[in-house]
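Here is the structure we will look at.
No experiment lies behind these values; they were computed from the predicted model shown. Just so we're on the same page: letters track the sequence lines, and every chain starts at 1.
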Amino acid sequence: MTDLKKTPMPVQDPETRRKNFNEVALGYGEEEAVAEANRCLSCKNAPCVSGCPVGIPISEFIRKIKERKFDEAYEIVSSVSSLPAVCGRVCPQETQCEMQCVRGKKGEPVAIGRLERFLADRRREEKLVAPVPKNGKRVAVVGSGPSGLTCAGDLARKGYDVTVFEALHLAGGVLVYGIPEFRLPKAIVQREIDALEAFGVKIETNVVIGKTLTVDELFEQGFSAVFLGSGAGLPNFMGIEGESLNGVYSANEFLTRSNLMKAYREGSETPIMKGGKVAVVGGGNVAMDAARTALRLGAEKVFLVYRRSMEELPARKEEVEHAAEEGIEFRLLCNPVKILGYEEKSDRKFGFVRGMECVKMALGEKDASGRRRPEPVPGSEFVLDVDTVIMAIGTSPNPLLKNTTEGLATDRRGGIVVDERGLTSRKNVYAGGDAVTGAATVISAMGAGKSAAKAIDEALSKEKNR
Amino acid sequence: MYRIIRKKILNAAVVQMEIEAPLVAAKAKAGQFIILRVDEEGERIPLTVAGTCSEEGTVKIIFQIAGATTYLLSQKREGEFLRDFSGPLGCAARTEGIQKVCLVAGGVGAAIALPVAEAFFRGKADVTAIVGFRSRELVILEEEFRAASDRTFFTTDDGSFGEKGSVTLPLARLLAGGERFDEIFAVGPLVMMKYVVETARPYQIPVTVSMNPIMIDGTGMCGGCRLSLLREGKKIMKFACVDGPDFDGYEVDFDEAIARNRMYAEFERKAYERTCNLFGRAEK
């Protein structure tokens, strides 16, 4: 009888890691990987695959690990996924492949994510891939996050001449500006991007589609199809008093300063508020990332303020556990009412945050989402002693593409409307990822990029044959 | 990489550069801005487009040496390269339907006002320009403003050039004398813009102000550039990078913007000193 529990993965000790930005989870070695692979029952119908948004043949690659054929195992993963080292780390496997795992019915499921990561990390120099014959068709991809990179990779494999346009100075989208180093080392993201470039994908940074060039101009330049993977967009604020005070950040700004602009590095010239007491508002993965980043930047205390209870917390369980181990203090069933600032103009700290007034919440009746609606408990207001507040309460779509692309339909929220294949209301314009769904996961964005690549290939092949 | 085609020192603290960036040059309109990084480790800073030459594919920027990044930028020579240069960002200045306009600019804000003045002037509007500086040595773009306006007033704080005092003096005089403009376009220090609004208020002349807050991405993603408008007693949050940079001066909460602008003042002062010391030593 094999073990009911996953083969443990070594992690940095919480006391050590809360002071550094090195990766928290250290990954399996070969022996641990084989041991874990041997827990797999190799079910004939492989239910795990149905849980994977990109359909990786999971039981096949695990079988190769059992046989210690690691290169072959990697080939199986990489034939489907453009970003295995990324997915092995940041996918919510517990609600996807691992949730379907038969082993999970009694004990823990097979650690599929850890095995995927093991294979990707083990990969040495990128093997020189035999160049695919070019088919002479050009496709433009807008945005170099998970959906764009996946779409670009899949199309390049089919012989398309692909150019990715990125608004920022560095490719990677949320993988470089959003997810912190300790959860996804930037060198790993860069390696995935280098691999795509080696395969012939062109990446143009500093090009803001909708400003520098429009979608229509891309067609004029000879691109036959365009994929829009421009991401989640503009950060939301609560609309409470005091959100313009100095020391209040959107999670996007705080994480971008730390990750993309390297404020996390010793001696960095990027300004960011370090130290002090920090409140992060929200309960998703972004909130966990912001809280743990603030801690590592030297905060003496970090509160995570969330209006529902632990049960409803939308972040991955592993991230929540890691955050708690590191000493993040969870203030659940608690909601900000207003942010308080220093009000004396003569005060050196005038205009900066001095605290956040919160109210306690209680869960009432179930709302439309099926979750119990949090309601304020009258008279329970209290002040949280903080000098930095980070709002991690989601984003709204960026109107830039909609405003500059005639005939591009968006829904009530502003998300780009697509059919099941990713086609927008414009001919040969496809979209996927957060620009369509609003803030979601890396893997669901990759799934959308993948199905759009398939649809683009089918549409353009038809045109060719006409 | 983006080549510096020409560089010109406008005064002791203000530098003009023309940067090779054909895609930006083909699109940029008066009032829009770009974001640049000097080098691989540099911060992203927004600068307003001061002019373009689409034949040559160049974009003109004018900046004041005010911190570490602008100091490093000023040290770059013709023929050298900037790491990143992205744009044009933000909305273009609105010029249509305006027949008589008054531009009020202070300090390096003159560099932002000039292309707007030129756009109005080309559009056959009647253009009055009021441009103020601290003193004579800091005057920039004098000839350019004279060429792009029907009437030009200069002021200096110490009276060493033009009229002594602030830009609101000639403006107040013109308004009191019965001059009426379809619009006043003000750009410069926040306090100056605030007082231009107060000067125009009794006459209810529309005032557009150009805001230039702290930014990172310039595409709406970070929200660091947010400011508040007060409309019908309600506070409305706007992002200067995508909703602006131009706003109705009567709505802008200037006191808040002034406070927000100081967020990293201390940090920047230290970074500036470090950078200057570093270079000072290197040059010896």
Subject >> Shortest non-hydrogen contact between Glu253(A) and Tyr264(B), atoms and distance >> reply: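 For Glu253(A) and Tyr264(B), the tightest heavy-atom pair comes out as OE2-OH, 4.3 Å.
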**OP:** For Ala167(A) and Ser86(B), work out which heavy atoms get closest and say how close.
**Re:**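 Where Ala167(A) meets Ser86(B) most closely, the heavy atoms are O-OG, 3.9 Å.
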Surrounding [atom1] of [X] (heavy atoms of other residues, nucleotides or ligands, distance under 6.0 Å), is the total greater than 12?
X: Lys76(B); atom1: NZ; value: yes
X: Arg77(B); atom1: CZ; value: no
X: Phe254(B); atom1: CZ; value: yes
X: Lys29(B); atom1: NZ; value: no

**OP:** Give a yes or no answer on whether the side chain of Lys211(A) reaches the backbone of Gly87(B) with a donor-acceptor pair at less than 3.5 Å.
**Re:**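 Checked: no pair found.
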Original post:
Got a donor-acceptor contact below 3.5 angstrom from the Ser250(A) side chain to the Cys222(B) backbone?
Top reply: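 Between the backbone of Cys222(B) and the side chain of Ser250(A) there is a qualifying donor-acceptor contact (under 3.5 Å).
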Chain A heavy atoms under 4.5 Å from [X]: which part of the residue, side chain, backbone, both or neither?
X: Ser228(B); value: side chain
X: Phe85(B); value: backbone
X: Arg260(B); value: both
X: Leu227(B); value: neither

Original post:
Going from CZ on Phe352(A) to CZ on Arg262(B), what distance comes out if it is rounded to the nearest 0.5 angstrom?
Top reply: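 Going from CZ on Phe352(A) over to CZ on Arg262(B), the span is 7.0 Å.
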Original post:
Rounded to the nearest 0.5 Å, how far does CE of Met261(A) lie from CD1 of Ile216(B)?
Top reply: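 Between atom CD1 of Ile216(B) and atom CE of Met261(A) there are 7.0 Å.
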Select one option (side chain, backbone, both, neither) describing which atoms of [X] are under 4.5 Å from chain B's heavy atoms.
X: Leu400(A); result: neither
X: Leu170(A); result: neither
X: Glu217(A); result: side chain
X: Phe254(A); result: neither

Original post:
So does Glu41(B) pair up with Arg265(A), basic N to acidic O under 4.0 Å?
Top reply: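 A salt bridge links Glu41(B) with Arg265(A).
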Subject >> Contact leader toward chain B among Ile272(A), Leu234(A), Leu168(A), Asn252(A), where contacts are heavy-atom pairs under 4.5 Å >> reply: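 Sorted descending by pairs with chain B, the first entry is Leu234(A).
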Original post:
Which one of Ala232(A), Gly210(A), Gly351(A), Gly233(A) has the most heavy-atom pairs closer than 4.5 Å to chain B?
Top reply: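 Answer, by heavy-atom pair count under 4.5 Å with chain B: Gly233(A).
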**OP:** Over 60° means perpendicular and under 30° means parallel, so classify the ring planes of Phe237(A) and Phe239(B), tilted if in between.
**Re:**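 Judged by the thresholds at 30° and 60°, the geometry between Phe239(B) and Phe237(A) is perpendicular.
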Pick from [options]: which one has the most heavy-atom pairs with chain A under 4.5 Å?
options: Gly90(B), Gly220(B), Gly42(B); result: Gly220(B)
options: Ala28(B), Ala26(B), Ala259(B); result: Ala259(B)
options: Glu43(B), Lys235(B), Glu256(B), Gln32(B); result: Glu256(B)

Subject >> Residues of residues 240-248 of chain A with any heavy atom under 4.5 Å of a heavy atom in chain B >> reply: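 Against chain B, the residues of residues 240-248 of chain A that fall inside the cut-off (heavy atoms, under 4.5 Å) are Glu243(A), Ser244(A), Leu245(A), Asn246(A), Gly247(A), Val248(A).
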**OP:** Apply the side-chain contact (heavy atoms from CB on, under 4.5 Å) test between Met221(B) and each candidate in Thr256(A), Asn398(A), Thr395(A); give the one that qualifies.
**Re:**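 The single option meeting the side-chain contact (heavy atoms from CB on, under 4.5 Å) with Met221(B) is Thr256(A).
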Subject >> side chain to side chain donor-acceptor pair (under 3.5 Å) assessment of Arg44(B) paired with His169(A) >> reply: CA-CA 9 Å; Arg44(B) 296 170 64 93; His169(A) 58 263; 2.9 Å; yes
Original post:
Less than 4.5 Å apart, any side-chain heavy atom of Asp217(B) and any of Tyr177(A)?
Top reply: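 When only atoms from C-beta onward are counted, Tyr177(A) and Asp217(B) do not touch, as no gap falls below 4.5 Å.
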